[in-house]
Number of protein chains: 2
Amino acid sequence: MRVFIKIIWSIAVSVLIPFAGICQSGIVPETNMRSAKYPQILPNHHVVFRIKAPDAKKVQIDLGKKYDLVKEADGTWATTTDSISEGFHYYSLIVDGVTVADPASESFYGMSRMASGIEIPFAGGDYYAQKNVPHGDIRIKNYYSTITKSWRKIYIYTPPGYDNNPTKKYPVLYILHGGGEDERGWAQQGKTDLILDNLIAQQKAKPMLVVMPDFNMGGGGFGEEGLKAFANEMKQNIIPFIQKNYRTLNNAGNRALAGLSMGGINTLYTGVYNTDLFSYLGVFSSGWITGSQKDLADAQYNYLQKNRAKVEKNLKLFWISTGMKDDIAYNNCKVMLAKLDELKIKYTYDEYPGGHTWPVWRNNLYKFAPLLFK
Amino acid sequence: MRVFIKIIWSIAVSVLIPFAGICQSGIVPETNMRSAKYPQILPNHHVVFRIKAPDAKKVQIDLGKKYDLVKEADGTWATTTDSISEGFHYYSLIVDGVTVADPASESFYGMSRMASGIEIPFAGGDYYAQKNVPHGDIRIKNYYSTITKSWRKIYIYTPPGYDNNPTKKYPVLYILHGGGEDERGWAQQGKTDLILDNLIAQQKAKPMLVVMPDFNMGGGGFGEEGLKAFANEMKQNIIPFIQKNYRTLNNAGNRALAGLSMGGINTLYTGVYNTDLFSYLGVFSSGWITGSQKDLADAQYNYLQKNRAKVEKNLKLFWISTGMKDDIAYNNCKVMLAKLDELKIKYTYDEYPGGHTWPVWRNNLYKFAPLLFK
């Protein structure tokens, strides 16, 4: 009997859900273009997509999992997805095999191109809600890199009160995006300004600058060349530029570095070797890649073994986190943690469900920022 | 003989140009994604597009004119366009009838969605080049609108030196995007920061704030409802917000309002009726729409007739421009100018070739900004 009910139920769900877009009215996500009625989010976070494409042979939505849309008589293709988890998710539209951004959505730089994103509201999202609290600014600056010999963009969050306290100096968190992203990641996908505004309003975090550089130095990628180029960029260009143009507290105790995924690996490379520059490190959904980064990992563990006392003395916080077992970096991270245990290097480990995604990294920033500059 | 050469030449061009992408190496425009080799710009500004789409039936590029791409053996579709004029141009990729942004390009909010853009370098583009001069910031702020009852984004250019002169106050240019665009238009497509940085470095323009609001108030559009809602938004929310949060000179003589296309119509509506607030007005590629906006136009001309003395006394500059005969607003503008002549309202008219496009509006800002706040 129970099995029978379960079967009837699953038939009902699979038959009815595709029509949900017609029968039920959903929420229009904040990530939609202002005139786009779809995608819509149904209760329980199923998402209805409806796309006009009368001449296409095949239309899909790629949300990590690919959904085949079904063509209706008027040339609209539709589907209703599984339940999608909280917060921001990248997605793509695939028209006859060509992967593009959905014109119904705002675009976000990710996957090395402008991708679509959908913001799923959820009860726990209050910490990044837009509220009636004092707000900081996100500033877009151009600086000249003596390494790439080109002008580069950098985003900087200045906290509420920065303009009205012209003699006050602030600590700085440098925070890095992931692979295929750039300086916009933390400002847009990450909602860094809202997270910090809310934390500062509640006096849970100190007013600080949050500097969002672009770690892509033009080649190098996961090898030491790219990591070294960015470490030099930080030391020779980014930190001096920020300290020259903004009112910052210029010692290691007032400087933090964090990053997600590939940005976490940059944090390990730039941060662990430079604890005289950064007293706080945050490594989100990352860890040396077992296999391809073995030499880099071994060199770092060797360094830590030889410099344990210095690193322990300099580092006030070495905060490491993952999106739990669904996180593609979970195993790399666990291997690294075991090695740090073996080397008796202190760290704090945190985890939050959601895999290798922005909802996890927003939560990481929310937990990490209050621990800084105490 | 001449005709014969001309025929041979045109055959040669039409046969050779499509292969130009293969034979000739072009410039990769700054608007490409960092890993995208195409589009490429050939000498004389022909643009080569190459897009992988083995399963598509038809692939087009829409640059105002639509180009059908030709499929090659490996599933790549290619074309070489006509010569494209200077500066920034929106474009779209059309895959089997679905119009989307080209994944090879950066995206820009225009045409009421995220669209692709291509930046064609040209000899006269020096005034918006990134140079080694002092740079201002572009700031992204959120403010609460008591009219839409929602948080809205606004972009603000603060000039070089703003942070280091904490007692200095600045004049403000409020500048409006066109239809289907938003607060990002002038910051991204318009290169407002670079144009102002360069003008200020050469002491051709006074250091000023440039405030870039979003005039879309959710409905209303080209009718009086939308125009009135934005005029109220300026008076009740935007100007007070800017004056509260930035160091501004708060009188009409230090306030300018300008806009392009639909933003020009908002400038006419918000500006001409409020010369006690704005001493400088700029109307780029615009003018009341003959026909559909007849009542709005008549009401304004009637107002000007009755208030000619006041308007003349208040307005230091009424600067009106078009992109010449290719500009879709050219005739509307000319009709308006004839009416202003009849009413003996003083204005300055300027034109620059390029039609209804951003290269024209960049040039408008370049010419308009030096005339302000003298």
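Computation of the quantities below employed the complete heavy-atom set of this structure, encompassing side-chain atoms and omitting hydrogens, waters and symmetry-equivalent molecules. So you know, we letter chains A, B, ... as the sequences are listed, proteins then strands, and number each from 1.
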Original post:
Looking only at heavy atoms, which two atoms of A:E106 and B:M114 are closest? And how far apart?
Top reply: OE2-SD, 3.2 Å
Subject >> Part of B:K58 lying under 4.5 Å from any heavy atom of chain A >> reply: neither
Subject >> Smallest separation among heavy atoms of B:D163 and A:Y246, with atom names >> reply: OD2-CE2, 4.1 Å
Original post:
Relative to chain B, which of A:D96, A:D102, A:V98, A:L93 shows the most heavy atom pairs under 4.5 Å?
Top reply: A:D96
Subject >> Distance (rounded to the nearest 0.5 Å) between B:D137 CG and A:D137 CG >> reply: 9.0 Å
Subject >> Contact origin within B:A101 toward chain A - heavy atom pairs under 4.5 Å >> reply: backbone
**OP:** Flag the pair B:I140 / A:I140 as yes when at least one side-chain heavy-atom distance between them is below 4.5 Å, and no otherwise.
**Re:** yes
Subject >> chain B interface, residue from A:D193, A:L194, A:N142 that has the most non-hydrogen pairs under 4.5 Å >> reply: A:N142
Original post:
Under a 4.5 Å heavy-atom cut-off, does chain A meet the side chain of B:S35, its backbone, both or neither?
Top reply: side chain
Subject >> A:Y109 versus B:R34, closest heavy-atom pair with distance >> reply: OH-NE, 3.3 Å
Subject >> Closest approach of B:K141 to A:G136 (non-hydrogen atoms, all atoms of both residues) >> reply: NZ-O, 3.7 Å
Original post:
B:S105 versus chain A, heavy atoms under 4.5 Å apart: side chain, backbone, both or neither?
Top reply: backbone
**OP:** Check whether B:T158 gets within reach of chain A through its side chain, its backbone, both or neither, counting any heavy atom under 4.5 Å.
**Re:** neither
**OP:** For each of A:R113, A:Q130, A:K52, tally heavy-atom pairs with chain B at distances under 4.5 Å, and name the one with the top tally.
**Re:** A:Q130
Subject >> Side-chain heavy-atom pair B:H135, A:Y144 within 4.5 angstrom cut-off >> reply: no
**OP:** Inspect the surroundings of NZ in A:K57 and state if more than 12 heavy atoms from other residues, nucleotides or ligands are less than 6.0 Å away.
**Re:** yes
Subject >> Greatest number of heavy atom pairs closer than 4.5 Å to chain A - which of B:Y155, B:Y162, B:W151 >> reply: B:W151
**OP:** Could you have a look at A:D182, A:I156, A:I138, A:D55 and say which one has the most heavy-atom pairs with chain B under 4.5 angstrom?
**Re:** A:I138
Subject >> Top contributor to chain B interface from A:A36, A:G97, A:S107 [non-hydrogen pairs under 4.5 Å] >> reply: A:S107
Original post:
For atom NZ of A:K37, is the number of surrounding heavy atoms from other residues, nucleotides or ligands below 6.0 Å larger than 12?
Top reply: no
Original post:
Looking at A:V59, A:N216, A:D197, A:I51, which has the largest count of heavy-atom pairs under 4.5 Å with chain B?
Top reply: A:N216
**OP:** Please say whether more than 12 non-hydrogen atoms of neighbouring residues, nucleotides or ligands are located less than 6.0 Å from CG in A:N132.
**Re:** no
Original post:
Quick one: what part of B:V95 sits under 4.5 Å from any heavy atom of chain A, side chain, backbone, both or neither?
Top reply: both
Subject >> Heavy-atom proximity to chain A below 4.5 Å, by part of B:D214 >> reply: side chain
